[in-house]
Amino acid sequence: METPGTALLVEDDPEVAATLRRHLTRAGFVVYDAGDERAAVHRVEEIAPDVVVLDIALESGGANTCRRIRELASGGDVPLLVLSAAQDVTTKLAAFELGADDFVLNTCDPSELLARVRAILRRGSDRRTVRRIGPLRIALATGDAWLAEHQLELTNGERAVLVELARAYPGLTTRTALDRRPDSEHEVSSNVTEVLVARLRRKIAAAGGGVEINAVRRSGYVLRPMTTTADVPA
């Protein structure tokens, strides 16, 4: 079964978190946990999840968590599902005003929760024209790229290399693919590709880093976020 993607579960009740994690995992999601606002914001920046499931009362921290996620360059377009014990119209409207894509009671049937998650992922499929890799965002159609709030100044060749790396993420981009970039009418030498990769590394580092381009000997390159600790899905 193909993995639907990564889900960040923001839940401050350990028992509820365990239940939600179990259902999401059974549905094929790779699930990461955050128990409060600080951890949630850090996780969004670190792993750029495909969906965030937030189950913290809006009046006791959930509102600020929603707001801060939406303010992040790496989280501004992430699908966000708010779970709440409250079902009044005021609470629902507040959730949507804060940037929620959907709202559902936290007592709902697990099958409804999963259906809602899949629905907002389908609605947000057009967002995937922008690939998020840690703090880096790449517009796949144009090669425009932003590191946090800073737009990178790239040449056409650098844009094309970055797009190829982003399309292959989290996998390997072969040297052959990079040497046959769409910005060039003919295949270019690997030396040219190496120069472009070196320039990208310098520009990313100068803009604050957070992602790296790793060379795989005799194979190609891998673009990936830098992390201070290993990510181990819960």
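Below, each value reflects all heavy atoms present in this structure, side chains not excepted, and no hydrogens, waters or symmetry copies.
Linking ILVMFWY residues whenever their side-chain heavy atoms come closer than 4.5 Å, directly or via other members, places Ile120 and Val31 in the same cluster. Residue Phe96 is grouped with residue Leu54 when hydrophobic side chains (ILVMFWY) are merged at heavy-atom distances under 4.5 angstrom, including chains of intermediate members.
Among all heavy-atom pairs drawn from Pro225 and Glu46, the shortest one is CB-O, 4.0 Å. Between His23 and Pro110 the shortest heavy-atom distance is NE2-CG, 3.3 Å. Between Gly143 and Leu154, the shortest heavy-atom distance links the atoms O-CD1, 3.9 Å. Across Gly209 and Pro135, no two heavy atoms sit closer than the pair O-CG, 4.0 Å. Gly208 and Leu147 make their closest contact through N-CD2, 4.0 Å (heavy atoms, listed as atom of the first residue, atom of the second, distance). Minimum heavy-atom separation, Leu172 to Ala168: O-CB, 3.7 Å.
Arg22 CZ: more than 12 foreign heavy atoms inside a 6.0 Å radius.
Of the inter-residue distances, the one linking Ser84 atom OG with Lys92 atom NZ reads 9.5 Å to the nearest 0.5 angstrom. Atom CG of residue Leu105 and atom CG of residue Asp109 lie 12.5 Å apart, to the nearest 0.5 angstrom. Atom NE2 in His150 sits 5.5 Å away from atom CG in Leu152 (nearest 0.5 Å). With rounding to the nearest 0.5 Å, the separation of CG in Asp12 from CG in Asp55 is 7.5 Å. In this structure, CG on Leu200 lies 7.5 Å from OG1 on Thr155, to the nearest 0.5 angstrom. To the nearest 0.5 Å, the span separating OH on Tyr32 from CG on Leu24 amounts to 13.5 Å.
With a 4.5 Å cut-off on side-chain heavy atoms, Val211 and Met226 do not count as touching. Between Val82 and Asp102, every side-chain heavy-atom pair lies at or beyond the 4.5 Å cut-off. The shortest distance between side-chain heavy atoms of Val161 and Leu165 falls below 4.5 Å. Under the 4.5 Å side-chain criterion, counting only non-hydrogen atoms from C-beta, Leu93 is in contact with Val89. Between Thr174 and Tyr221, the closest side-chain pair of non-hydrogen atoms is not below 4.5 Å. No side-chain heavy atom of Val222 sits under 4.5 Å from any side-chain heavy atom of Ile213. Counting only heavy atoms from C-beta outward, the side chains of Phe103 and Thr91 approach each other to under 4.5 Å. Between Leu8 and Val51, every side-chain heavy-atom pair lies at or beyond the 4.5 Å cut-off.
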(request) Evaluate the salt bridge (charged side-chain N to carboxylate O under 4.0 Å, His left out) criterion for residues Glu164 and Arg167: first the C-alpha distance (whole Å), next the side-chain angles of each, then the deciding distance (0.1 Å), finally the verdict. (result) CA-CA 5 Å; Glu164 291 298 318; Arg167 288 186 184 279; 5.1 Å; no

(message) Using the rule given for side chain to side chain contact (heavy atoms under 4.5 Å, CB included), can you reason through Asp50 versus Val78, listing the C-alpha separation, both sets of side-chain angles and the distance that settles it, and then say yes or no?
(response) CA-CA 6 Å; Asp50 292 301; Val78 62; over 6 Å; no

(message) As a quick check of understanding, evaluate side chain to side chain contact (heavy atoms under 4.5 Å, CB included) for Arg224 and Asn214, giving each step before the final call.
(response) CA-CA 8 Å; Arg224 64 187 180 189; Asn214 292 334; 2.7 Å; yes

(request) Apply side chain to side chain contact (heavy atoms under 4.5 Å, CB included) to Glu194 and Val192, showing your working. (result) CA-CA 5 Å; Glu194 289 172 5; Val192 173; over 6 Å; no

(message) side-chain hydrogen bond (donor to acceptor under 3.5 Å, both in side chains), that's the test. Do Thr176 and Asp179 meet it? Break it down for me.
(response) CA-CA 5 Å; Thr176 300; Asp179 293 344; 5.8 Å; no

(request) Might you work through the side chain to side chain contact (heavy atoms under 4.5 Å, CB included) test for Leu136 and Leu223, ending with a clear yes or no? (result) CA-CA 10 Å; Leu136 181 67; Leu223 178 65; 4.3 Å; yes

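When atom types are taken as modelled, the side chain of Arg70 and the backbone of Gly99 share a donor-acceptor pair closer than 3.5 angstrom. For the pair Ser219 (side chain) and Arg217 (backbone), a donor-acceptor distance under 3.5 Å is present. Side-chain N or O atoms of Arg68 include none that pairs as donor or acceptor with a backbone N or O of Glu37 at under 3.5 Å. Judged by distance alone, the side chain of Asp101 and the main-chain N or O of Leu81 form no donor-acceptor pair under 3.5 Å. Under a 3.5 Å cut-off, the side chain of Thr6 and the backbone N or O of Val30 do not form any donor-acceptor pair.
Every pair passing salt bridge (charged side-chain N to carboxylate O under 4.0 Å, His left out) that includes a residue from residues 202-211 is listed here, sequence neighbours excluded: Glu158-Lys203.
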